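Predicted, not measured: the structure shown is a model, and the values here were computed from it. Residue numbers start from 1 in every chain, and the chains themselves are labelled A, B, ... in the order their sequence lines are given, proteins ahead of strands.
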Amino acid sequence: MDMHAIEKKWQKYWEENKLNEFDKSKTDKKFYCLEMFSYPSGAKLHMGHWYNFGLADCYARYKKMKGYAVFQPMGFDAFGLPAENYAIKTGIHPQDSTLKNIETMENQLRHIGAMFDWTAEIKTCMPDYYKWTQWMFLRLYEKGLAYRKEAPVNWCPSCNTVLANEQAAGGVCERCGSPVVKKNLTQWFFKITAYAEELLSGLDGLDWPEKTKLMQKNWIGKSYGAEITFAAESGDEFKVFTTRADTIFGVSYVVLAPEHPLVAKLTTPDREKDVKAYVEATAKTNEIDRLSSDREKTGVFIGAYAVSPADGRKIPIYAADYVLFSYGTGAVMGVPAHDERDFAFASKYGLPITQVITDKEGNATLPFTDDGYLVNSGEFDGLFGDDARKAIVKKLEDGGKASFKVNYRLRDWLISRQRYWGAPIPVIHCPHCGDVAVPDEDLPVLLPYDVEFKPDGKSPLAKHEGFMHCKCPKCGGDAQRDPDTLDTFVCSSWYYLRYPDAHNDKAPFDPEIINKMLPVDKYVGGAEHACMHLLYARFFTKALRDMGYLNFDEPFTSLTHQGVILGPDGNKMSKSKGNVVSPDPYVEEYGADVLRLYLMFGFNYVDGGPWNDDGIKSVAKFLDRVERLFYKITAMPDENADTYGADEKELDFVLNNTIKSVDNDMNTLSYNTAIARLMELTNALNKYDNLPVKNTVLMKEAMKRMVLLLAPCAPHFSEELWSQLGNKSSVFLADYPTFDEKKLVKDEVEYAVQINSRMKAKIVLSKSLSKEDIEKAALADADVIAALEGKPVKKVIVIVNRLINIIA
RNA sequence: GCGAGUGUGGCGAAAUUGGCAUACGCGUAAGACUUAGGAUCUUAUGUCCUCGACGUGCAGGUUCAAGUCCUGUCACUCGCACCA
């Protein structure tokens with residue numbers, strides 16, 4: 001078959017007949033199948049895109065044939081750093097390179113033969129989209145979910161920009177790998193922490209990979225504990241957060257984070273020099289060092305003492321950088337006997353180590369960090385774990401010195417970027433009125449084209465007079481625009497809401513439409529977004545729901561992460577390693593269907609693996625075989641329709657079993673086994689074809705269903721064969737084949753017979769036999785009798801339809 | 001360090017509730033057809049071998065029966081990484 005010709009032919013047909021477009025009259029049977037949209041990079045589409053988009057399309061087409069009105073849109077996450085970096089390097093404007101890249105990618109994407117509904121295409125860098133991204137910001141701002149504050153932020157000295165916590169994971173810049181340093185800037189934040197609890201509890205009901213849910217859970221990091229108030233001798237009070245209130249009698253010092261405001265206030269004059277030096281040194285330390293748990297603990301005594309609320313002991317106060325100012329209260333109590341970090345710290349600075357917890361036997365090596373029984377704890381001695389914690393906190397609570405407290409590790413989402421290529425933050429800073437939201441009717445705040453990209457730590461927009469200067473919407477006086485742009489993750493946090501109403505120019509979407517079309521029924525994309533995009537999108541959905549725009553709680557009901565296709569060398573594909581595999585030469589040589597089929601067959605979808613084209617020919621051969629068989633069978637006259645013996649029954653069994661298996665495999669995205677079953681059906685048809693007398697009516701029926709089963713996987717090929725069968729409408733409008741349970745029932749079953757759990761014989765028995773008869777038949781078998789050698793039978797285990805185990 | 005996952009032929013990989021390990025394919029070998037074969041078809045193909053034994057990273061355990069369950073251990077991958 002001329003693959004290229006039929007690709008063109010049917011892609012044109014599908015487009016002209018609007019087969020890829022969602023039928024808006026069928027929202028009651030909607031199936032929203034979405035792949036994570038991609039960034040329009042200068043590099044061409046690689047194998048991973050095909051693996052993601054092409055194979056998700058197989059699922060979408062399968063669902064369509066199962067009777068759903070499938071909506072599968074495609075778009076581009078078009079703002080972002082790479083285009084701007086490229087502009088700095090080459091002088092080519094981000095808008096020009098991005099739009100050009102999009103055009104190239106659109107063309108490449110069409111080669112996949114996916115049923116993308118291009119009428120709903122989104123490009124996040126276009127004003128008709130980012131207008132609504134800005135609108136989203138304003139709604140969150142109104143709700144108090146967007147706020148501005150000065151904060152130490154992750155600063156990448158190489159990219160000259162602020163990074164989100166998630167983009168600075170591990171203390172290095174996600175993009176360039178440079179060590180991240182801290183810098184104080186006034187930044188915009190989204191208050192994602194307001195939803196910490198629901199983001200956590202909502203995970204339970206989601207059909208998502210367990211690993212991803214666990215990652216989000218850990219990222220949110222809920223922990224139950226208590227805040228306990230310590231009083232300094234000066235009278236100043238401060239709280240520490242602890243999950244181990246049961247260890248409070250073992251406190252031998254307390255630590256304040258170096259950034260803690262009380263450090264300066266409480267430091268005694270004789271310690272001032274040392275403390276100041278330490279605090280300054282901490283500020284200079286970059287994240288990579290500060291966050292390393294292997295690092296030696298350091299700290300400095302500030303000269304002041306506090307009083308333990310539990311027993312009134314006087315304990316020294318330290319400042320140490322192993323305590324994070326941004327978590328809990330920024331202060332902890334040091335219990336060296338029962339915390340590894342405190343143990344290391346106390347050992348170094350010669351602080352007392354008092355054991356207050358012990359195990360069942362009364363002996364424990366320090367530091368002992370498990371739950372245990374209290375000792376040296378006055379009235380609480382003998383209590384265990386949770387009971388001890390509750391009793392102690394209750395007692396302190398009565399004295400106003402403690403309270404139960406839940407903490408989350410999740411931080412608010414820093415969304416300001418000192419970059420050009422993003423959606424401008426729609427806020428005006430007025431010398432009289434302060435921060436003023438841009439009125440909705442003035443949206444979008446357009447991104448100017450003529451800017452200076454050269455990075456110098458200032459937003460390119462800040463240097464653009466025409467952009468910056470404006471009138472305050474409130475007082476009409478001279479004012480300045482916010483020079484920053486929004487993190488691109490803001491754009492991608494709501495795009496799935498835009499697709500179903502992509503051309504709405506009155507609102508980001510019509511809630512009536514969106515509430516029918518959402519949530520997304522199947523979301524397919526890489527696992528690397530587990531704690532960023534997927535969390536942010538959930539936050540947006542919940543926030544918009546609470547504002548009354550949406551009536552659902554979660555954006556993505558079911559999520560699948562496709563595996564990663566690695567380079568042939570087993571490494572992640574990258575330009576620098578030179579191991580990027582392009583789909584283009586394979587599409588050129590074998591066609592889109594063969595490549596789709598090979599990607600389905602050669603890998604477990606959720607695992608991926610190193611690229612290797614050894615098997616691609618075999619898949620091409622498989623389609624050739626199907627095609628040859630197809631033409632051979634369709635050319636046969638209808639004969640022997642009434643012939644239905646063992647061979648026909650066997651063929652019918654394989655046919656029905658294939659339908660059952662493939663249906664199930666497609667539904668669970670077990671593509672490799674689905675293709676294996678289709679190969680088996682082909683083999684069975686070939687085998688049957690070699691018989692002298694053939695029921696050609698049965699063969700034709702089998703072939704017809706084969707074409708239907710193959711259609712979601714090899715759409716052009718199958719559409720062609722379908723039309724050759726004389727069908728006037730698309731194969732994707734045909735019903736997915738169903739199987740007949742009766743055809744799956746065999747008259748006879750082969751049993752494996754084991755003697756003392758060892759395989760000794762195989763016997764074929766009628767399906768209708770009772771357990772007793774099966775046992776009798778097995779014991780009467782000549783091979784079995786021989787293998788038993790006259791030994792008495794003690795016990796016989798019969799597993800119906802499978803095996804018989806004789807214990808002798 | 002903590003958390004999660006993976007480990008099966010020469011290779012990619014299969015294996016409902018524990019029930020014939022290695023489906024499907026690649027590769028390899030032999031044969032058929034052919035002027036020819038890098039096409040097509042057929043057969044064989046876990047290892048060692050004579051019966052038979054041994055085989056799912058390794059060592060144990062539970063069971064009539066373990067790739068699957070339990071304990072320990074090694075290797076690799078991913079995530080988190082001083083969160084008190």
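Here the straight-line distance linking atom CG of A:L410 with atom OH of A:Y327 works out to 11.0 Å at 0.5 Å rounding. With values rounded to the nearest 0.5 angstrom, A:R244 atom CZ is found 10.0 Å from A:I392 atom CD1. For the atom pair A:I806 CD1 and A:S757 OG, the distance stands at 11.0 Å (nearest 0.5 Å).
Here the P atom of nucleotide B:rA14 and the CD atom of A:E680 are 14 Å apart, to the nearest Å. Atom NE2 of A:H561 and atom P of B:rU77 are 20 Å apart (whole Å).
With respect to A:K694 and A:D689, a salt bridge is recorded, a charged nitrogen being found less than 4.0 Å from a carboxylate O.
Among the atoms of the strands shown, base atoms are found under 4.0 Å from some heavy atom of A:I797. Residue A:G328 is out of contact with every strand shown, counting any heavy-atom pair closer than 4.0 Å. Contact annotation for A:I807: backbone-only contact, meaning every heavy-atom pair under 4.0 Å involves sugar-phosphate atoms and none involves a base. A:E210 comes within 4.0 angstrom of nothing in the nucleic acid, heavy atoms only. Nucleic acid contact class of A:G330 (heavy atoms, under 4.0 Å, all strands): none. Within the 4.0 angstrom heavy-atom criterion, no nucleotide atom of any strand lies near A:Y408.
Closest of all the heavy-atom pairs between A:D665 and A:T673 is OD2-OG1, 2.9 Å. Closest of all the heavy-atom pairs between A:I755 and A:A787 is CD1-CB, 3.6 Å.
At a cut-off of 3.5 angstrom, the base of B:rC64 holds no donor-acceptor pair with the side chain of A:K794. Side-chain atoms of A:K211 and base atoms of B:rC78 include a donor and an acceptor less than 3.5 Å apart.
Comparing atom distances between the A:N686 side chain and each of B:rC41, B:rG19, B:rG79 picks out B:rC41 as nearest. With B:rG3, B:rU40, B:rC24 as the choices, the nucleotide that has an atom nearest any side-chain atom of A:R677 turns out to be B:rC24. Comparing B:rC41, B:rA81, B:rG19 by their closest approach to the side chain of A:W219 singles out B:rA81. In the set B:rG79, B:rC24, B:rC80, B:rC80 carries the atom at the smallest distance from any side-chain atom of A:R409. Of the candidate nucleotides B:rC26, B:rA14, B:rA84, B:rA14 has the atom nearest to the side chain of A:N604. Checking B:rA23, B:rC20, B:rC41 against the side-chain heavy atoms of A:K762 singles out B:rC20 as nearest. Residue A:R625 has its side chain nearest to B:rC41 when only B:rA39, B:rC41, B:rC24 are considered.
The phosphate of B:rA84 (OP1 or OP2) has a side-chain N or O of A:Y327 nearer than 4.0 angstrom. Under 4.0 angstrom from either OP1 or OP2 of B:rG25 there lies at least one side-chain N or O belonging to A:N683. For A:R758, a side-chain nitrogen or oxygen approaches OP1 or OP2 of B:rC54 to under 4.0 Å. Residue A:R802 places no side-chain N or O under 4.0 Å from the OP1 or OP2 atom of B:rG18. Phosphate proximity of B:rG12 to A:N672: absent, as no side-chain N or O sits under 4.0 Å from OP1 or OP2. Side-chain nitrogen and oxygen atoms of A:S223 include at least one within less than 4.0 Å of the OP1 or OP2 phosphate oxygen of B:rA84. OP1 and OP2 of B:rG19 both lie 4.0 Å or more from every side-chain N or O belonging to A:N805. Note on A:R628: a side-chain N or O is less than 4.0 Å away from OP1 or OP2 of B:rC41.
Within 90° of 0 lies the glycosidic angle of B:rG9, which makes this nucleotide syn.
A cation-pi arrangement is found for A:K746 relative to A:F653, the charged atom lying closer than 6.0 Å to the ring centre and inside a 45° cone about the ring normal.
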Both atom distances under 3.5 Å, Watson-Crick or G-U wobble: I'd like the secondary structure of RNA chain B as a dot-bracket string, with | for pairs made across strands. (((((((..(((......[....)))((((((.......))))))(((...)))..(((((..]....))))))))))))....

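One P atom belongs to B:rG46, the other to B:rU22, and the distance between them is 9 Å to the nearest Å.
Using cut-offs of 30° and 60° on the angle between ring planes, the pair A:H533 and A:H529 is perpendicular.
Side-chain atoms of A:N672 and A:N604 include no donor-acceptor pair closer than 3.5 Å.
With the nearest nucleotide of RNA chain B identified for both A:K795 and A:N218, A:N218 has the one nearer the 5' end.
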